[in-house]
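These numbers come from the heavy atoms of this one structure, side chains and all, not from hydrogens, waters or symmetry mates. Fair warning: this is a prediction, and the values are worked out from it, not measured in the lab. Order of the sequence lines fixes the chain letters, A, B, ..., with proteins taken first and strands second; residue numbering starts at 1 for each chain.
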Amino acid sequence: MDLTYTEEEEEFRARLRTWLGKALPELPPKPSPDDWPGRRAYDLGWQRRLYDAGYAGLHWPADAGGRGATPTQHLIFLEETERAGAPYVGANFVGLLHAGPTIAAEGTPEQRARWLPPVLRGDEVWCQGFSEPGAGSDLAALRTKAVRDGDEYVITGSKIWTSHAEVADWCELLVRTDPVSASVPKHRGISWLAMPMDAPGVTVRPLRTLAGSTEFAEMFLDEVRVPVGNRVGAENDGWRVTMVTLSFERGTAFVGEVVACRRTLAALARTAKANGRWDDPVLRRGLGRLHGEFGALWRLTQWNVSEAGRSGGVPGTGGSVFKLRYSHARQELYDLAAEVLGAAGGALSLDEEWTLDRLSSLSYTIAAGTSQIQRNIVAERILGLPKGR
Amino acid sequence: MDLTYTEEEEEFRARLRTWLGKALPELPPKPSPDDWPGRRAYDLGWQRRLYDAGYAGLHWPADAGGRGATPTQHLIFLEETERAGAPYVGANFVGLLHAGPTIAAEGTPEQRARWLPPVLRGDEVWCQGFSEPGAGSDLAALRTKAVRDGDEYVITGSKIWTSHAEVADWCELLVRTDPVSASVPKHRGISWLAMPMDAPGVTVRPLRTLAGSTEFAEMFLDEVRVPVGNRVGAENDGWRVTMVTLSFERGTAFVGEVVACRRTLAALARTAKANGRWDDPVLRRGLGRLHGEFGALWRLTQWNVSEAGRSGGVPGTGGSVFKLRYSHARQELYDLAAEVLGAAGGALSLDEEWTLDRLSSLSYTIAAGTSQIQRNIVAERILGLPKGR
Amino acid sequence: MRAVDFQLTEDQRDLRGGVRALLEGRYGRAALRASVDRGEGVDRGVDRGLWRELGEAGFFALRLPEEEGGTGLGLAEAVLVFEEAGRVLLPGPLVATHLAAGVVPGAARGTAVVTAFDLGGPFVAHLGGADAVLGMDGVPEGVPVRSVDPLTPLYRAAGPGAVPEALRDEGALLTAALQLGSALRTTELAVRYAKEREQFGQPVGAFQAVKHLCAGMLVRGEVARTAVYAAAVTGAPGEIAGAKLLADEAAVRNARDCLQVHGGMGFTWEADVHLHLKRAWVRAEQWRTAAQAEEVLAAELLAGSA
Amino acid sequence: MRAVDFQLTEDQRDLRGGVRALLEGRYGRAALRASVDRGEGVDRGVDRGLWRELGEAGFFALRLPEEEGGTGLGLAEAVLVFEEAGRVLLPGPLVATHLAAGVVPGAARGTAVVTAFDLGGPFVAHLGGADAVLGMDGVPEGVPVRSVDPLTPLYRAAGPGAVPEALRDEGALLTAALQLGSALRTTELAVRYAKEREQFGQPVGAFQAVKHLCAGMLVRGEVARTAVYAAAVTGAPGEIAGAKLLADEAAVRNARDCLQVHGGMGFTWEADVHLHLKRAWVRAEQWRTAAQAEEVLAAELLAGSA
């Protein structure tokens with residue numbers, strides 16, 4: 001057990017800090033949340049700067065154009081960029097974290113050459129077409145259908161919870177190429193396709209969340225034609241291909257968020273001190289408890305990262321453990337924030353950033369696997385408890 | 001909605017108070033917890049006094065020797081006896097609340113004449129032989145077997161969680177008279193028998209709980225012979241016969257306990273005031289919250305009782321709702337008590353009554369249907385949610 | 001022989017049924033969503049037509065004596081009516097206007113919209129177009145703030161800065177009744193969704209985890225119902241504090257669990273669940289907060305234990 | 001290239017494995033139940049033979065420099081050893097004797113039994129037959145009280161009446177490690193029972209409700225483990241307070257959930273689960289309570305946020 005960074009790691013951190021100190025002030029002003037083209041340009045611009053400085057695809061293998069950094073370097077990168085207030089991965093999210101790694105692992109040399117460099121350089125934006133209105137937790141029940149017609153698939157169906165769909169160039173799409181039957185279980189018969197978003201038949205409609213924002217979209221596909229050459233992996237093998245993506249994750253998924261939560265908690269303590277609520281032991285101890293909680297979550301992140309480092313990048317089951325606890329803690333944080341602010345302090349006003357963040361926190365126990373699904377995973381895969389009848 | 005008592009009810013209460021004021025001081029000293037014969041004598045003595053005063057079987061129908069009181073009168077009875085510190089039903093529990101009502105509802109005239117008067121008069125003690133080591137939540141999976149041999153059943157098996165077994169005269173016993181098979185589901189093939197506890201082959205062994213006490217026993221049955229005439233209801237119809245018992249319950253099961261908890265909470269507040277913990281808002285507000293909780297539970301009891309009164313004695317599903325909430329609240333109460341006392345105040349010492357009660361409270365989310373089973377009942381029977389595959 | 005009867009009387013059932021029918025007709029789901037859409041970004045004030053209809057139906061004058069144009073009913077009946085309003089998320093300063101009946105001209109008949117500084121600070125709801133503020137002469141200027149609840153416009157204004165103390169108990173109780181209605185409604189929404197939505201080849205409500213979430217919702221709702229009804233019958237400050245505490249908790253936590261049962265769909269603007277949660281957050285801050293209620297209860301506990 | 005590595009080193013794994021083997025052999029389940037039976041109603045004092053064996057195994061001298069007869073290891077290794085002790089519910093004033101090594105003669109080798117007034121009041125554990133009390137000259141007279149934990153005899157005695165402040169952090173951390181071991185152990189007990197016990201025709205662990213109880217236990221244990229290990233590496237008071245808080249919660253709540261998973265069988269004296277719960281209750285009161293830990297963390301949060 002060692003929590004001190006090596007000399008190389010400290011150097012990496014120092015270089016990064018220096019660069020961030022120089023690069024961040026040069027950024028253009030942040031676009032407004034509903035200026036989608038502006039957000040695309042801003043996010044791609046940041047990615048291009050990372051690329052030029054040698055930080056793009058830090059955690060990607062070298063043969064995919066990445067830097068082959070250790071998980072700890074990646075952790076340092078995420079920690080430092082968050083601390084410095086650098087832009088989030090934003091529109092580059094799917095390309096850098098899902099579609100890109102999938103292509104890197106499963107694509108042909110031609111596919112890698114076509115799609116990976118534009119992601120790293122910040123030239124192209126990807127979105128994700130996995131979930132469907134009828135297939136949420138039960139993702140493999142997806143029904144969007146692709147029928148082979150010569151060299152093309154003809155695709156019909158609908159997708160939901162697609163972020164950045166309005167400005168994406170490509171969509172990593174899961175489709176059913178073999179209908180479910182007695183001999184074809186639902187996890188088979190799925191294929192992974194790269195769909196150009198400007199293909200005829202693709203309609204994107206913004207999906208409004210309870211926070212009032214339109215971060216997500218619904219996507220309707222009406223006989224969209226995609227070349228067979230855009231399929232990554234074998235036909236009907238898309239489920240396995242998709243799962244490969246996860247092996248790039250290496251415990252770093254929530255590093256930035258945990259760092260941000262710790263900063264938020266400190267700000268909340270200052271607010272409580274300023275408005276007098278600090279003198280109420282119920283609130284003060286609640287803040288202390290959450291400080292302990294997020295401290296542990298930060299350490300758990302380091303633990304998961306170093307475990308992934310040992311196992312050579314294969315993610316442990318630590319991800320489910322972390323997500324269960326973190327999503328709950330994040331909701332607690334914003335509930336406590338509302339108590340610290342109180343009605344008189346603006347807890348009911350959207351003019352306070354806390355309130356919007358509180359609304360967003362509600363999705364954490366649902367998105368990317370509900371807490372119920374995560375508990376099943378922990379119970380069945382880690383603890384080996386049997387599936388029910 | 002009306003929470004004022006009628007004149008008749010207030011008269012009933014006043015008469016009862018007067019009688020309690022006279023009867024309680026005449027009681028002999030309470031036996032020690034491990035003096036089982038002494039406890040039997042004490043409990044039966046109290047029952048005899050109730051009988052002589054006309055309070056025995058208050059809630060039993062008149063044709064079973066009871067007083068046919070309204071649910072509200074029964075509630076008043078339980079409230080007043082608890083407030084006055086009268087003895088608990090103790091060794092008479094099964095006879096008065098389970099076996100007796102079952103015989104009253106399902107027994108032949110001869111069976112009623114044989115078994116009911118001694119229960120009401122305080123002459124005979126019953127115990128319950130339902131649960132088995134392998135059949136807890138899944139009670140109908142019981143395997144104690146009764147084989148017909150002429151005019152007798154020959155019974156072999158074992159029972160668990162039998163209270164007062166050491167001093168009982170009779171046991172209401174559920175046995176399997178028809179083995180489970182493709183055509184006999186587990187709820188069929190069960191019969192209800194009255195077994196004399198002095199029959200050869202009955203062995204009772206005390207079962208120690210985590211509180212260190214031996215309130216319960218295990219019972220081993222080795223070819224015990226019970227006359228067929230001791231069967232109440234038809235052969236193989238024992239499950240239905242047993243469920244009938246519940247229809248006597250009428251929401252009053254926990255009246256005494258809720259009254260007692262409210263008294264305990266008040267004592268805890270006094271303790272907190274005396275030891276200074278009252279000044280800690282975390283504890284003070286916790287006590288306030290529990291005061292609200294138990295206030296609501298008391299009202300819920302009244303609600304359930306008045307609902308049972310309307311429906312003519314058929315219990316609502318309010319019982320599961322109440323038990324879920326109450327068992328949790330009771331555990332919270334004793335956890336808070338431990339915090340109020342603190343280590344310095346004896347929270348870790350069994351010399352404090354609180355500590356023993358805290359240990360006992362741990363059974364509340366398990367006994368008589370775990371919280372998990374109760375939630376299933378609420379979800380399936382009240383909310384109509386489907387059973388899983 | 002009559003007995004203590006905590007159940008609703010025939011008249012009370014009729015009253016509740018009548019109010020439910022009125023609100024279903026006048027403020028069903030389509031009307032709710034229309035007012036959400038209409039209110040986007042700007043406070044268009046209370047729907048005066050609806051307000052008058054509520055007034056005519058006795059919503060505000062319910063507890064006024066008949067000689068003052070009321071129906072002479074009590075808190076128990078008022079609670080039943082407000083529970084129904086909470087179910088359908090009826091917007092507007094219902095509690096304040098009800099409390100103003102007989103005091104502020106027009107409140108009883110619903111021709112006046114009356115609000116109150118019931119948030120314990122500089123914020124006041126529904127100030128835009130309000131005719132009066134409880135306990136104040138005149139209506140102060142207010143600066144609109146963006147409210148978390150699209151159906152409860154909020155303003156920052158100079159006012160008494162405190163809840164009108166004399167009305168605090170009744171205000172808290174009626175607000176608790178609104179919360180109760182919402183808690184019962186989100187239970188229904190969750191159960192309906194759990195029966196319809198299929199995942200892994202069966203309704204999600206067949207999964208024990210979802211089942212138990214729903215069971216917990218029902219329990220919270222029933223405990224809150226008992227507390228609210230009992231407090232309405234006795235009018236005791238301690239019981240009212242307990243009712244507010246339990247109803248706030250039921251409304252907020254049931255909305256949260258309802259959202260969880262709905263999964264991703266619950267996170268959409270289209271689903272009604274967020275409207276329940278946001279309103280429940282607002283109401284939890286009105287008249288009596290949880291911390292205040294706990295202190296009232298603690299003081300009562302200690303006084304009663306002496 | 002080497003990286004920050006939070007995982008256990010090979011040596012640490014070996015150490016833990018060695019201690020686990022030692023304890024399994026020397027204090028397995030039969031020994032545990034025998035000491036419960038032996039201790040019934042009377043404090044027979046610490047098992048001196050066992051204590052010496054622990055001493056020989058380096059349990060107490062672990063962190064002493066080699067020239068003082070220790071093994072020169074650090075808090076991280078001590079935490080691993082104490083975690084194992086917590087798993088098997090090893091009785092005796094382990095933490096106090098460990099802290100006394102190098103201070104009280106014989107503590108390092110396990111020939112002396114040293115206890116401490118670590119309960120923040122007049123109660124002290126394992127006073128009967130103790131050779132010394134940390135921070136005191138001589139051993140005071142004590143009046144035995146009936147302890148909730150059959151393996152932690154308690155006495156009322158006149159002492160400093162407070163936890164030895166200089167040792168509070170280390171004491172809290174090592175106690176947290178004991179709690180951690182217990183929390184991990186009750187998870188195993190629950191999972192094993194859930195796999196074996198059948199009801200309604202399948203193992204109870206196949207029911208989602210039981211499954212999710214077990215998953216919650218694992219999560220609590222893993223979070224506590226990370227907090228305890230990290231605090232051992234950094235030795236920071238804030239991290240130690242957090243570790244104690246989280247490990248106390250994990251130990252108590254896991255024992256409760258383990259009991260729930262066991263159903264009626266968990267309520268028996270025969271099942272070990274109550275021994276874990278009772279010990280967890282005792283340890284939660286030792287060195288640093290939850291309220292104290294929260295205050296430490298709150299102060300650190302505010303100081304760090306300035």
Side-chain angles (χ1 to χ4, degrees), chain A residues 131-141 160-161 180 186 206-216 218 277 280 282-283 331 335 338-339 341-352 354-356 358-360 362-373 375-376 379 387-388, chain C residues 40-41 118-125 143-150 152 154-156 161-162 197-202 204 207-210 212-213 252 255-257 259-275 277-278 281-286 289-291 294:
Chain A
S131 292
E132 298 184 3
S137 292
D138 187 10
L139 178 58
I160 197 170
W161 303 116
V180 176
K186 64 185 174 184
L207 180 67
R208 196 162 180 214
T209 70
L210 56 74
S213 60
T214 52
E215 289 297 307
F216 303 98
E218 291 177 280
R277 304 301 291 266
D280 179 345
V282 179
L283 293 178
Q331 292 179 352
D335 285 344
E339 275 192 72
L341 296 174
L348 303 174
S349 162
L350 292 174
D351 296 330
E352 292 284 338
W354 301 98
T355 309
L356 268 174
R358 186 185 197 193
L359 289 171
S360 304
L362 296 170
S363 74
Y364 277 72
T365 47
I366 292 171
T370 64
S371 293
Q372 284 71 35
I373 295 285
R375 286 189 199 105
N376 281 353
K387 285 186 182 286
Chain C
E40 280 288 357
D118 57 7
L119 285 160
F123 293 101
V124 60
V143 179
V145 295
R146 290 193 305 141
S147 169
V148 69
D149 176 16
T152 309
L154 290 176
Y155 294 80
R156 182 186 291 274
R197 169 81 170 174
E198 295 205 359
Q199 292 278 273
F200 304 103
Q202 61 181 8
V204 296
F207 290 100
Q208 215 179 13
V210 174
H212 288 192
L213 275 178
V252 170
R256 296 282 281 255
D257 286 352
L259 202 165
Q260 190 69 22
V261 168
H262 277 73
M265 302 317 295
F267 195 64
T268 63
W269 186 265
E270 267 317 289
D272 293 345
V273 52
H274 72 102
L275 301 173
L277 177 58
K278 291 165 177 176
W281 280 345
V282 172
R283 286 190 295 230
E285 298 289 338
Q286 290 177 314
T289 64
E294 284 165 1

- Query: What residues form a side chain to side chain contact (heavy atoms under 4.5 Å, CB included) with A/Thr209, not counting sequence neighbours?
  - Reply: A/Ala211, A/Ser213, A/Phe216, C/Phe267
- Note on the structure: Scored by heavy-atom pairs under 4.5 Å with chain C, the best of A/Val282, A/Leu348, A/Asp280 is A/Leu348
- Message: Run the salt bridge (charged side-chain N to carboxylate O under 4.0 Å, His left out) test against C/Asp272 and tell me which residues pass, sequence neighbours left out.
- Response: C/Arg29, C/Arg33
- Best-contacting candidate, C/His262, C/Glu285, C/Gln260, C/Gln286, against chain A by heavy atom pairs under 4.5 angstrom: C/Gln260
- Item | Greatest number of heavy atom pairs closer than 4.5 Å to chain C - which of A/Ser349, A/Gly345, A/Ala367 | A/Ser349
- Greatest number of heavy atom pairs closer than 4.5 Å to chain A - which of C/Glu270, C/His274, C/Arg256: C/Arg256
- Whatever's closer than 4.5 Å to a heavy atom in chain C on A/Ala347 counts as neither
- Query: Tell me, side chain or backbone of A/Leu139 under 4.5 Å from chain C's heavy atoms, or both, or neither?
  - Reply: neither
- Separation between CZ (A/Arg208) and CD (A/Glu218), nearest 0.5 Å, reads 14.0 Å
- Task: Find out whether C/Val148 and A/Arg358 are in side-chain contact, i.e. whether some heavy atom of one side chain is under 4.5 Å from a heavy atom of the other.
- Result: no
- Query: What part of C/Leu213 lies closer than 4.5 angstrom to a heavy atom of chain A: side chain, backbone, both or neither?
  - Reply: side chain
- Note on the structure: Ranking A/Ile366, A/Leu350, A/Asn376, A/Leu207 by heavy-atom pairs under 4.5 Å to chain C gives rank one to A/Leu350
- Okay, C/Leu154 and chain A: the region with an atom under 4.5 Å from a heavy atom over there is side chain
- Task: Give a yes or no on whether the backbone of A/Leu210 and the side-chain of C/Lys278 come within a donor-acceptor separation of less than 3.5 Å.
- Result: yes
- Heavy-atom distance under 4.5 Å to chain C: side chain of A/Thr214, backbone, both or neither? neither
- Note on the structure: In terms of heavy-atom pairs under 4.5 Å with chain C, the winner among A/Leu356, A/Ile160, A/Thr365, A/Thr355 is A/Thr365
- Message: Consider side chain to side chain contact (heavy atoms under 4.5 Å, CB included). Of C/Val204, C/Val210, C/Val261, which one does C/Arg197 pass it with?
- Response: C/Val204
- Under 3.5 Å, side chain of C/Gln199 to main-chain N/O of A/Ser137, donor-acceptor pair present? yes
